[in-house]
Amino acid sequence: KNNQINILVSNSNTKNQSSPTMELENTYSQTSNYKMGFTTYNKNSYINFIIENFNMDYGIPPSSEGHINGVDIELIKNTFQINYHQDFSFYNFNQFDFKYNFIDYQHAEFENNSSSAQVFLSKNTHNFKIEFQSFSSIVGSEFSYNQFLPDELYYTPNTEELDFSLYGFHEKEFHHLDLLSSFRVGYLSIQPDTSSIQNISSLDIEEIKNRNFNYFSSSIGLRKFINKFEFNTWIMNTMKAPKIEELYSDGPHLGSYSYEIGEPNLELEKIYGIESSIAYNTSPLDISFTTFYNYSPYYYQMSKIGECDDLSLLQECLEAGFIEDGVGSGGWLYKYQTKGVKSLIKGVEFNLGYQYKKIKMFYNFSLVRGDDLTNEIPLSYINPDKQILNLEYDQKNISYKMRLSKIHSQNRLGEFETFTPSSFLVDFIIGYSKNNQNITIQFNNILDEESYNHLSKLKSIMPEPGRNITISYKRFF
């Protein structure tokens, strides 16, 4: 009566991916996910334990810009969680939550059909969070300890990371307005073990040293309801300390066919922004419009160091430092490095929802513009404009859904980026649910349209899937 057990078992296998023009060699995937949770409930509290194992093996197609035989990737993630909740009374607070999360992550990259990994990474993460809540406030503390353990051709040093922060949120009525405020203040320490460095390729070992960062983020917002309209405005500043990879990465990332180099002297990333929205909510119509404007005097961007336009001049590109040779069998990788630049990112989003009896319609439009103010060019890796229309029809046990997606072309290109053409995708999904069972049949890209992910470093050799069918079956115990 007071105990609950949840079990999840999931397995999926796919053969080589097909685009509208060809079958992509070595693009298989195998995924398994096993999860079990146990919860015990008391009068004013509960405690929950979760263990999870996630495995994924997948392939990357062959290319001269990478590996001529392709690459196999193996991911393993084991997770253990504890969640404790207590209702109580202490000043204005009425809830207490404690959360612990341990993640053991391993990542290995192989040349196709090779038994020994060329790149290996292990990461252990311990995360603790304590939180007190009231009806209008949240106060909490978070502590994370990470171990970063690379091996083989990944020359990044073994590194420990400690991150401690305090955070809060408060909501208060102020002159017929809702005043919303939040903050996070923290300290991050990154401690590389230089004695673990046996080889180094692109970094100066003298620059690999302990780095400590103090950061502070905050926001203030106003919310106002007028009849069926809701108005929101936020002013915010955020600071983000660099990750280990952004500082000290020195090695190939075969999953994206890139050789990634950190910048040991990175400063805190800082962003100052304003966001406003207006929403109209009344059955059967929901409309919202959101705008945002973010300026950063120091924004992290990882981009190509250079471009080798003529593949017959690979030796010249190697000498110029654009590419890394000898990483794979007959292959080579473009070098990417993290830099701090002044930037401006702005955009709008529009959402429309309408329901008539058993028919639902949802429309979303998003537009983002990013500019590198330091180099006076567009920012790299900015999503193109998108329009998505979902049409749904629900009966007692069965649902039908048609999704129409228009992904516009991206011709605002950062340094060494390439143009991505537009595409129009049509998907149709049928779902059936009964007696704790669910079957979903999904017909993807029905028109067999050729499309590309602008954010993917592999887009030139690995377009998005063509026409395909996905079938999933779930049973709930």
Side-chain angles (χ1 to χ4, degrees), residues 1-10 32-56 75-107 121-149 159-171 180-191 213-219 236 238-245 476-477:
K1 183 178 180 180
N2 295 323
N3 299 315
Q4 178 177 316
I5 296 176
N6 298 93
I7 298 175
L8 169 69
V9 177
S10 175
S32 65
N33 189 18
Y34 307 102
K35 184 176 181 180
M36 182 172 69
F38 173 78
T39 307
T40 182
Y41 297 92
N42 297 308
K43 182 178 180 181
N44 297 311
S45 66
Y46 68 81
I47 187 167
N48 167 251
F49 301 92
I50 299 173
I51 57 173
E52 182 175 9
N53 170 261
F54 177 84
N55 293 267
M56 184 175 184
L75 306 179
I76 302 174
K77 185 174 75 169
N78 295 307
T79 304
F80 173 67
Q81 297 179 46
I82 301 174
N83 301 290
Y84 176 75
H85 173 86
Q86 176 74 54
D87 295 327
F88 74 115
S89 179
F90 179 74
Y91 287 94
N92 293 324
F93 295 102
N94 54 24
Q95 292 183 31
F96 168 77
D97 288 281
F98 168 80
K99 298 180 180 180
Y100 168 71
N101 190 18
F102 169 71
I103 300 174
D104 174 18
Y105 174 83
Q106 295 183 20
H107 175 116
L121 172 63
S122 175
K123 292 176 69 175
N124 294 322
T125 301
H126 299 266
N127 179 267
F128 301 84
K129 182 183 289 188
I130 295 175
E131 191 171 277
F132 296 88
Q133 292 189 38
S134 70
F135 292 108
S136 59
S137 300
I138 298 173
V139 176
S141 176
E142 186 170 3
F143 173 76
S144 291
Y145 170 69
N146 299 312
Q147 291 178 302
F148 189 90
L149 306 170
T159 306
E160 294 184 342
E161 179 186 83
L162 296 94
D163 189 359
F164 175 76
S165 63
L166 300 172
Y167 62 91
F169 169 83
H170 184 65
E171 180 178 347
L180 313 170
S181 60
S182 66
F183 76 93
R184 182 180 288 266
V185 57
Y187 169 80
L188 175 71
S189 176
I190 298 178
Q191 303 169 3
F213 301 91
N214 298 302
Y215 57 90
F216 175 73
S217 300
S218 63
S219 66
M236 63 198 78
T238 61
M239 295 182 182
K240 184 175 82 70
K243 299 177 182 178
I244 296 170
E245 299 92 329
F476 303 94
F477 298 93

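Treat the numbers as computed from the prediction; the structure is a model and nothing was measured. Side chains included, hydrogens not; waters and symmetry mates left out as well; all remaining heavy atoms used.
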**Asked** Going by an N to O cut-off under 4.0 Å, is there a salt bridge joining Arg184 and Glu142?
**Response** yes
**Item:** Distance, nearest 0.5 Å, that separates CZ of Phe90 from OG of Ser134
**Value:** 12.5 Å
**Nearest heavy-atom neighbours spanning Tyr84 and Ser45** = OH-CB, 4.0 Å
**Request:** Ignoring hydrogens and angles, state whether a donor on the side chain of Tyr167 or Glu131 is under 3.5 Å from an acceptor on the partner side chain.
**Result:** yes
**Request:** Taking the side chain as every heavy atom from C-beta outward, state whether Leu180 and Phe169 have any atom pair closer than 4.5 Å.
**Result:** yes
**Request:** Could you tell me the separation between the CG atom of Asn44 and the NE2 atom of His85, rounded to the nearest 0.5 Å?
**Result:** 8.5 Å
**Request:** Taking Ser217 for its side chain and Phe183 for its backbone only, find out whether a donor-acceptor pair lies under 3.5 Å.
**Result:** no
**Message:** Working note: Tyr145 + Glu160, criterion side chain to side chain donor-acceptor pair (under 3.5 Å); need CA distance, chi angles, decisive distance, verdict.
**Reply:** CA-CA 7 Å; Tyr145 170 69; Glu160 294 184 342; 2.9 Å; yes
**Complete:** Residues at least two apart in sequence or cross-chain that pass side-chain contact (heavy atoms from CB on, under 4.5 Å) with Asn55, listed by chain then number, are Ser32, Asn53, Ile76
**Asked** Any side-chain donor-acceptor pair under 3.5 Å between Gln191 and Ser189?
**Response** yes
**Item:** Separation of Asn146 CG from Asn124 CG (nearest 0.5 Å)
**Value:** 9.0 Å
**Request:** Just do the side-chain contact (heavy atoms from CB on, under 4.5 Å) check on Phe128 and Phe98 with the steps written out, would you?
**Result:** CA-CA 8 Å; Phe128 301 84; Phe98 168 80; 4.2 Å; yes
**Item:** Donor-acceptor side-chain pairing of Thr39 and Asn48 below 3.5 angstrom
**Value:** yes
**Message:** The test is side-chain contact (heavy atoms from CB on, under 4.5 Å); show your working for Glu52 and Asn33 and say whether it passes.
**Reply:** CA-CA 7 Å; Glu52 182 175 9; Asn33 189 18; 3.0 Å; yes
**Asked** Does the side-chain contact (heavy atoms from CB on, under 4.5 Å) test come out yes or no for Asn92 and Phe135, once each step is laid out?
**Response** CA-CA 8 Å; Asn92 293 324; Phe135 292 108; over 6 Å; no
**Asked** Does the ring center of Phe96 lie less than 6.0 Å from the ring center of Phe132?
**Response** yes
**Asked** Could you walk me through whether His126 and Tyr100 pass the side-chain contact (heavy atoms from CB on, under 4.5 Å) check?
**Response** CA-CA 7 Å; His126 299 266; Tyr100 168 71; 2.8 Å; yes
**Donor-acceptor pair between Ser137 and His170 side chains, under 3.5 angstrom** = yes
**Fill in**
One should read off an interatomic distance between Met236 CE and Ser182 OG, to the nearest 0.5 angstrom, of 8.5 Å
**Request:** Just jot down the salt bridge (charged side-chain N to carboxylate O under 4.0 Å, His left out) partners of Glu245, sequence neighbours excluded, or say none.
**Result:** Lys123
**Complete:** Rounded to the nearest 0.5 angstrom, the CD1-CD distance for Ile50 and Gln81 is 4.5 Å
**Asked** Looking at CG of Asp97 and CD of Gln86, how far apart are the two atoms once the value is rounded to the nearest 0.5 Å?
**Response** 10.0 Å
**Prompt:** So, do Ile51 and Thr79 sit near enough that their side-chain heavy atoms are less than 4.5 Å apart?
**Reply:** no
**Fill in**
Sequence neighbours excluded, the answer for side-chain contact (heavy atoms from CB on, under 4.5 Å) partners of Asp163 is Ser144, Leu188, Tyr215
**Request:** Give the ring-plane orientation class for Tyr41 versus Tyr46, where under 30° counts as parallel, over 60° as perpendicular and anything between as tilted.
**Result:** tilted
**Asked** Under 4.5 Å between any side-chain heavy atoms of Ile244 and Glu161, yes or no?
**Response** yes
**Message:** Could you work out, with side-chain contact (heavy atoms from CB on, under 4.5 Å) as the rule, every residue matching Thr40, not counting sequence neighbours?
**Reply:** Asn3, Phe38, Ile47
**Request:** Scan residues 75-96 for pairs that pass salt bridge (charged side-chain N to carboxylate O under 4.0 Å, His left out), counting only residues two or more places apart or in two chains.
**Result:** none
**Item:** With sequence neighbours excluded, residues passing side-chain contact (heavy atoms from CB on, under 4.5 Å) with Leu75
**Value:** Met56, Tyr58, Ile73, Tyr105, His107
